[in-house]
Amino acid sequence: MISMHGLRVAEHIKSHYPTSQIIFVTAHSHFAVEAFEVEATDYLLKPVTPKRLQKALEKAQHKLSTQQPVEKEHYLIAHTMGTFYLMNNENEMVKWRTKKTRELFLYLWVHQHKPILNIAISEVLWPEMGHEKALTNLHTAIYYLRQLFKANGIDNAIQLVNNHYMLAINVRSDFEELIKLLDEQHKEQHIERIVALYEGDFLQEEDFQWVIPMQQQLKEKVLATFEAFVETPHCTAALKQTLYKKMLDLDVYNERYMLQLMTLLFEQNRRSECVQLYNVIKERLELELCIPIPPYIQHMYDRVMQQII
């Protein structure tokens, strides 16, 4: 093997094709234990005799014929940062019967670790309706949701116990990956991954009142993480610039972020980008908010212009 170790190849094959039979043929005996840890069928040392190879192939054939078929795992993949969409494990986009069916799925998924009283759900999703009509709409949406899951190979996706509903399916998401990264001790690769994941606010394009507090809390946590890391000695100049730009994208009127980014660009001798940033600041503050540019930002810009001249 040139670009990848044989053991890693075996792990990759087994993860995608669990019933595969792998026979190692090598001159190195010290990898035998690791080979069997990745469930190799046999491990042959060179030179290999025809009789020994035949025995290994027969062993592989026997294991293959006696293996129980592996039941295909059914799961969903949710993209929730910015634009929301849901994919099944066949990489097909899930189509929703109604907008409320989609909202019900998201509400149950966000609260998937605890059962929710049916009345509480109906009051959140249909606040303008009376009690009985809201419950009727909830039952209809639950039915549509169950049918949708069943069409994607998932049975018993929604549990009902004592008038409490709970989602009982495997959903992989960018949101949960982001939460996990935010809770870890941060390294450069973690921060870069957080930047990539945060394509927009959580469920940004969905008009759900109940999601607004979650959006704000998540954004504040991301900004706090960036603010803390940008001050560490581990943060490179390039990553600092990326973080300051991302922070200003998330909090477009934050004057402190404006100054920090302009100062960094000035220190890196990126004069033209300083001018572009100043024009953005001018538009946001003077034209959109009708407030003057703060003196400390204006002073920094004047220093830029002096060096250009």
Side-chain angles (χ1 to χ4, degrees), residues 1-79 81 86-94 112-113 149 152-157 168-199 225 229 232-236 238-239 242:
M1 306 298 293
I2 298 175
S3 61
M4 187 182 295
H5 195 287
L7 289 167
R8 304 291 81 79
V9 174
E11 289 176 351
H12 181 79
I13 292 173
K14 277 293 185 179
S15 66
H16 288 77
Y17 307 98
T19 60
S20 298
Q21 303 301 309
I22 297 174
I23 299 172
F24 281 88
V25 180
T26 178
H28 306 287
S29 61
H30 55 280
F31 290 120
V33 173
E34 290 153 291
F36 288 112
E37 284 180 352
V38 295
E39 300 180 8
T41 302
D42 212 335
Y43 192 93
L44 309 184
L45 289 175
K46 298 177 181 178
V48 180
T49 66
K51 183 177 180 180
R52 182 69 180 89
L53 178 59
Q54 180 64 32
K55 184 178 179 181
L57 293 173
E58 290 173 355
K59 183 178 179 182
Q61 182 64 42
H62 176 72
K63 286 186 68 175
L64 191 61
S65 63
T66 58
Q67 272 185 342
Q68 294 294 325
V70 177
E71 185 176 345
K72 189 172 184 180
E73 180 187 8
H74 291 280
Y75 58 86
L76 301 172
I77 303 171
H79 183 283
M81 303 307 299
L86 191 67
M87 311 289 290
N88 62 23
N89 59 342
E90 300 291 340
N91 205 32
E92 300 167 337
M93 188 172 292
V94 172
Q112 63 182 316
H113 300 299
F149 291 141
N152 285 276
I154 305 172
D155 293 319
N156 304 316
I169 58 176
N170 181 9
V171 181
R172 306 172 185 179
S173 71
D174 51 353
F175 173 77
E176 291 191 339
E177 182 184 354
L178 181 59
I179 293 297
K180 184 178 179 181
L181 285 170
L182 289 170
D183 290 338
E184 290 181 353
Q185 186 172 0
H186 300 118
K187 299 179 181 179
E188 183 176 343
Q189 60 266 33
H190 295 156
I191 298 298
E192 290 174 343
R193 181 58 181 158
I194 292 171
V195 171
L197 284 171
Y198 208 107
E199 298 178 16
T225 299
F229 191 81
T232 67
H234 310 295
C235 191
T236 63
L239 185 53
T242 297

Quiz item: Take atom NZ in Lys63; do more than 12 heavy atoms of anything else shown fall under 6.0 Å from it?
Solution: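 Correct, the count exceeds 12.
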
Exercise. Count the heavy atoms of every other residue, nucleotide or ligand shown that sit under 6.0 Å from CG of Asp155, and state whether that count exceeds 12.
Key: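 Enclosed.
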
With a 4.5 Å limit on heavy-atom distance, are the side chains of [X] and [Y] in contact?
X: His79; Y: Glu199; answer: yes
X: Leu76; Y: Asn170; answer: no
X: Glu39; Y: Ile22; answer: no
X: Arg52; Y: Leu44; answer: yes
X: Glu192; Y: Leu239; answer: yes
X: Met93; Y: Leu86; answer: no
X: Ile169; Y: Tyr75; answer: no
X: Ile77; Y: Val171; answer: no

Quiz item: For the side chain of His190 and the backbone of Lys187, is there at least one donor-acceptor N/O pair under 3.5 Å apart?
Solution: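 Flag set: sc His190 to bb Lys187 pair under 3.5 Å.
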
Self-check item: Heavy-atom pair with the smallest gap, counting every atom of Phe229 and Cys235
Solution: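 So the two residues come closest at O-CB, 3.5 Å.
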
Mind checking the [atom1]-[atom2] spacing from [X] to [Y]? Nearest 0.5 Å is all I need.
X: Thr225; Y: His186; atom1: OG1; atom2: NE2; value: 4.5 Å
X: Leu181; Y: Tyr198; atom1: CG; atom2: OH; value: 14.0 Å
X: Gln54; Y: Lys51; atom1: CD; atom2: NZ; value: 11.0 Å
X: Thr41; Y: Glu58; atom1: OG1; atom2: CD; value: 13.5 Å
X: Leu197; Y: Lys180; atom1: CG; atom2: NZ; value: 12.5 Å

Practice problem: For the pair Tyr43 and Ile23, evaluate side-chain contact (heavy atoms from CB on, under 4.5 Å) and give the outcome as yes or no after the intermediate values. | Solution: CA-CA 6 Å; Tyr43 192 93; Ile23 299 172; over 6 Å; no

Quiz item: Should Asp42 and Lys55 count as an ion pair when the cut-off is N to O under 4.0 Å?
Solution: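 Looking at Lys55 together with Asp42, the answer is no, because their closest N to O distance does not fall below 4.0 Å.
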
Self-check item: Presence of salt bridge, Arg172 and Glu177, under 4.0 angstrom
Solution: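 So Glu177 does not pair with Arg172 through a salt bridge.
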
